[in-house]
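Labels below follow one simple rule: chain letters A, B, ... track the order of the sequence lines, proteins then strands, and each chain is numbered from 1.
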Amino acid sequence: MLEKNFDPAAVEPRLYKKWEDSGAFAPSDAGETFSIVIPPPNVTGSLHIGHALNNTLQDVLTRFERMRGKAALWLPGTDHAGIATQMVVERQLAAAGNEGRRELGRDKFVAKVWEWKKESGGTIVQQLRRLGASCDWSRERFTLDDGLSAAVRKVFVQLHKDGLMYRDKRLVNWDPQFQTAISDLEVEQKEVDGHYWHFAYPLADGVTYPFPIKDEEGNDTTETRDYIVVATTRPETMLGDSGVAVHPDDERYKDLVGKFVILPITGRRIPIVADEYADPAKGSGAVKITPAHDFNDFMVGKRHDLEQINILDTQANLLKFDPIPAEYQGMERFAARKAIIARAEEEGWLKQIEKTKHMVPHGDRSGVVIEPFLTDQWYVNAGELAKEAIAAVEDGRTVFEPKNWEKTYFEWMRNIEPWCVSRQLWWGHRIPAWYAEDGYIFVAETEADAHKQAEAHYGNKVALKQDEDVLDTWFSSALWPFSTMGWPENTEDLARFYPTHTLITGFDIIFFWVARMMMMGLHFTGKAPFKRVFINALVRDDKGQKMSKSKGNVMDPLVLIDEFGADALRFTMTAMSGQGRDIKLAKPRIEGYRNFSTKLWNATRFTQMNECARVDGFDPATAKLTLSRWIRGEVQKTVAAITEALEACAFDDAANALYKFIWNVFCDWYLELAKPILNGDDQAAKAEIRAMTAWVLDQAMILLHPVMPFITEELWDKTGHKDMLITHSWPKSDAGAIDAEADEEINWLIDLISEIRSIRSEMNVPGSARAPLTLSGASDVTRKRLDTHEDLILFLGRLSGVDVSETAAAGSVPFVAGEATAHLAIAEFIDIKAEEARLTKGIADFDKTIDGVRRKLDNPEFVRKAPDEVIAENRERLEDAQNGKVKLSAALERLRAAQ
RNA sequence: GGACGCGUAGCUCAGCGGGAGAGCAUUCGCUUCACACGCGAAGGGUCGCAGGUUCAAUCCCUGCCGCGUCCA
């Protein structure tokens, strides 16, 4: 006998170990394959609620396909997370009072990071086990593994050969804290309070011009100016200005184009140019141009051949040499801003200070203000690689689910910029490029090969120095679907499991990761890395706020698992994972699904108490009882619904179908209807129901297993199965199992019992009171049904008897039961007023239906144009309502006559 | 400014051309021999607003209002 409740904390680790030890997580050797690669979490990470959702869905699919007999592989692993990991270890060193990264030196520092990785890097991988993730751990990968690193070098070299990897001097997003370039995807635009400082730059060569102003009375007039006003939010950059731009159509400045200004402080002479970038409506309409420190200015500078003057060092301090005037050299950027403003005020060229809110780029990891910075970096020609990646989605080689996300993907892919892949970090794949003294670059997979190339190039041995930088972590992640399977080696895994079937991930990394995997996968394997990309929702708190540590609204999945069990959390994630909508997660919901699992547990307990043992070789198709035939059909409907839903990634539909079947169909009705039989004397019927019940319960456990693996596996074991549910086969769909006649009969029974219960409740009939039920106007079919199910009706309706008669007992309460009228003899509980109200309301309801339907049927257009079945359906509804009304009206008359 | 999405019962959401649904919450009644993490019953909605298409619109189209996210 089962305990009264399931104890997840005691059972989950045991079952997980059993699965893992059994080898069930590894794909079978033969058969159709189904593969998923995990979106590799950061090695620094720990499981958050988004991971819980994402990995639950992956596991649901993997388990489903495994049970369907496919060779299912879910390949796990982590990425090395360049900046994040380096940051963690640097912080640790600092906290322990050790020497910093630079004092330590590259080799020693990297060794420290590996040490950290060995100790703390496996956290999230352990946590995935708590969730029940059925990953094949024997294939676990890390982006810095030897094989994956070899793949990275190979890809780099090949791209270089293909002319798709090159070195270039461009503006990058520079993080002055980490002193590295970062991707624009790692830049967070934050709105901050700032100022526009309006500076007057004096015109060179004594030039003056009339500038339109308002006089004291507000009339238009002009004043003669020998300066031009520019506005800036970043005054310190003026040291690097190399031009002033005005709009070509701006009448005010028309004559100044081609003239020069003398830049204050430095005294440099810089040109005024006409460029559409200048917005006449904004500020003074003239903008200062600093090509080396602003992305827009960079473009303007290119168009007008303006000088690119860098003024900052890698820590965003002013340079310690020319062109920075001595007094500002080495100054921190924000201190420099203050100093420049003070100088402008003092010298009288600060014309105005305007408050403004504007967007300022911040590093998403460091949190500091990002500087556009002119550097030499390695770039991938993403525009070229994007072509095939776009085509693969256009022609359906890869489909997005939900489909809308294709738009996001296309939008980004079609406007893609060269991908800067070098990072000034130490933790990562070091760039396989070697420099000779003269700056000549040799790109090679190995140092030896680089030397060989150099020797061929120079005709003799020369000293080479490897590039100091490492590659962007996303560069190696982009290879994940095939590098994890052994590429570039021609492995069996690669042949069997690549391309993968489904990728499940969040929309926030479509750009970061999905797009790049598509590009690399197609370029290097010729195949799109996945057939389908399912974009899962974003988990928010119960108020719709994004969860974040700073808001303090995070829900820790591990705490939730401790409280409710992994199954409850998984079911919640699955049920709420509707397409195209964020998930607002609230605890009561998880609690509700925990209750659901308890319900199944207790239903199993009930079947055990009633000796519903599985019968070997039992074929449900041979069952004769209406109840058996009905539930077999219900099982079939559920099998079809869940299979279809999971095939389509409609996870919420699958969860809801499971919930409804197990609770509302199996527990609420089937088991209740089975009770009288199980307690009755008909041994044949009892035997059939016992075997049937055991079979239905098995089906329920099988169907629920992908979503709630722990409790179902435990029950599977407790109900005497010898095999493990995780590898048990999925039921085949069989439309022939639906028995329309049985459906109709059981639905009639359910309606009848529901009506009886409803009336008892409304009339406040105590639960212990038994009353007789009489049916009048019953057809032969109804009489037969009544006869067949008498025990059930008596038991569930708490009746003392049931008979068919055209004369009902005085003071009985009537209700409509199909073609018949039922009378519940509960005279002593009747409140005449209440009963009159009940009947009146019932008649009014029928009238409403009659009116509505009649209006349709009386409309010739409707009869002419609506489909036949809709017309027939409405005729039937009308007839039912009219019949019902007649019955209740008669009852009402009798009630009134009796008074 | 552009793109996408969302406004349906108190809350969270499903439905998406022909009878308004679920879970939670609420109310009432239940120690009914699996389950109080339960059982039975009930109340509660001009389906954001305004037009249009249609025999028929919560559902399709247009506009507006409100909210959210991403990208400039």
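In this entry the distance linking OH of A:Y593 with P of B:G23 reads 10 Å, nearest Å. The CG-P distance, from A:D652 to B:G15, rounds to 7 Å in whole Å. In this structure, CH2 of A:W601 is placed 15 Å from P of B:A36, rounded to the nearest angstrom. Look at CG on A:N859: it is 14 Å from P on B:U54, rounded to the nearest Å. In this structure, CE of A:M609 is placed 14 Å from C1' of B:U32, rounded to the nearest angstrom. Rounded to an integer number of Å, the gap from CD of A:E861 to P of B:U54 is 11 Å. The distance from atom CD1 of A:I583 to atom P of B:G5 is 18 Å, rounded to the nearest whole Å. As rounded to whole Å, 12 Å separates atom P of B:A56 from atom CZ of A:R864.
Between the side chain of A:R760 and the backbone N or O of A:R798, at least one donor-acceptor pair lies under 3.5 Å. Listed for the A:N610 side chain is no donor-acceptor partner under 3.5 Å among the backbone atoms of A:C612.
Here A:K686 does not pair with A:D682 in a salt bridge; the nearest charged N to carboxylate O distance is not below 4.0 Å. A salt bridge between A:K660 and A:E634 is absent, with no side-chain N of the basic residue lying under 4.0 Å from a carboxylate O of the acidic one.
A:F846 and A:K885 make their closest contact through CD1-N, 3.7 Å (heavy atoms, listed as atom of the first residue, atom of the second, distance). Between A:R570 and A:T56, the shortest heavy-atom contact is O-CG2, 3.6 Å.
Nearest to the side chain of A:Y659, among B:G23, B:G18, B:C33, sits B:G23. In this structure, of B:C13, B:G18, B:C4, it is B:C13 that holds the atom nearest to the side chain of A:K584. In the set B:G23, B:C33, B:A34, B:A34 carries the atom at the smallest distance from any side-chain atom of A:L671. Closest contact between the side chain of A:N404 and the listed nucleotides B:G5, B:G18, B:A34 involves B:G5. Closest to the side chain of A:A866, out of B:G19, B:G18, B:U12, is B:G18.
Nucleotides B:A41 and B:C6 have their P atoms positioned 35 Å apart, rounded to a whole Å. For B:A22 and B:G43, the P atoms lie 12 Å apart once the distance is rounded to whole Å. Here, B:G5 and B:G15 have their P atoms 15 Å apart, quoted to the whole Å. Going from the P atom of B:C11 to that of B:G48 covers 14 Å, rounded to whole Å. B:C16 and B:C59: their P atoms are spaced 13 Å apart (whole Å). Going from the C1' atom of B:A57 to that of B:G51 covers 13 Å, rounded to whole Å. Nucleotides B:C13 and B:U58, compared at atom C1', are 15 Å apart to the nearest Å. Comparing B:G21 with B:C47, their P atoms are spaced 14 Å from each other, to the whole Å.
Taking only side-chain nitrogens and oxygens, A:N602 never comes nearer than 4.0 Å to OP1 or OP2 of B:C37. Considering only side-chain N and O atoms, A:K4 lies under 4.0 angstrom from the phosphate OP1 or OP2 of B:A36. Of the side-chain N and O atoms in A:R589, none sit less than 4.0 angstrom from OP1 or OP2 of B:C24. Taking side-chain N and O atoms only, A:K865 has no distance below 4.0 Å to OP1 or OP2 of B:A56.
The only option from A:W412, A:W419, A:W474 that meets the ring-ring contact (aromatic ring centres under 6.0 Å, His included) definition with A:F511 turns out to be A:W412.
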Item checked: ring pair (Phe, Tyr, Trp, His ring centres under 6.0 Å) between A:F400 and A:F410, worked out -> CA-CA 11 Å; A:F400 276 81; A:F410 285 139; 7.9 Å; no

Note to self: Working note: A:D743 + A:K637, criterion salt bridge (Lys or Arg N to Asp or Glu O under 4.0 Å); need CA distance, chi angles, decisive distance, verdict.
What the structure shows: CA-CA 12 Å; A:D743 266 10; A:K637 289 177 198 168; 3.1 Å; yes

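For A:F564 and A:Y593, the gap between ring centers reaches or exceeds 6.0 Å.
Annotation: of the two residues near RNA chain B, A:V863 and A:T598, the 5′-most nearest-nucleotide partner is A:T598. When each of A:D880 and A:S597 is assigned the nucleotide of RNA chain B bearing its nearest heavy atom, the one mapping closer to the 5' terminus is A:D880.
Annotation for A:E861: atom CD counts as buried by contact number, over 12 foreign heavy atoms lying within 6.0 Å. Residue A:Q608 places its CD atom among more than 12 non-hydrogen atoms of other residues, nucleotides or ligands, all under 6.0 Å distant.
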When you compare the protein's N or O atoms with those of nucleotides 38-42 of chain B, which come within less than 3.5 Å of each other, and at what distance?
unit_1: B:G38; atom_1: OP1; unit_2: A:N595; atom_2: ND2; d: 3.1
unit_1: B:G38; atom_1: O3'; unit_2: A:K599; atom_2: NZ; d: 3.1
unit_1: B:C39; atom_1: OP1; unit_2: A:K599; atom_2: NZ; d: 2.5
unit_1: B:C39; atom_1: OP1; unit_2: A:W663; atom_2: NE1; d: 2.8
unit_1: B:A41; atom_1: O2'; unit_2: A:S761; atom_2: OG; d: 3.0
unit_1: B:A42; atom_1: OP1; unit_2: A:S758; atom_2: OG; d: 3.2

Using nucleotides 66-72 of chain B, report all nitrogen or oxygen pairs with the protein that are shorter than 3.5 Å.
none

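Within 4.0 Å (heavy atoms only), A:P860 reaches no atom of the nucleic acid at all. Within 4.0 Å (heavy atoms only), A:A586 reaches no atom of the nucleic acid at all.
Pair assignment for B:C59 gives none, since no Watson-Crick or G-U wobble pairing has each distance under 3.5 Å. When both pairing distances are held under 3.5 Å, B:C39 makes a Watson-Crick or G-U pair with B:G29.
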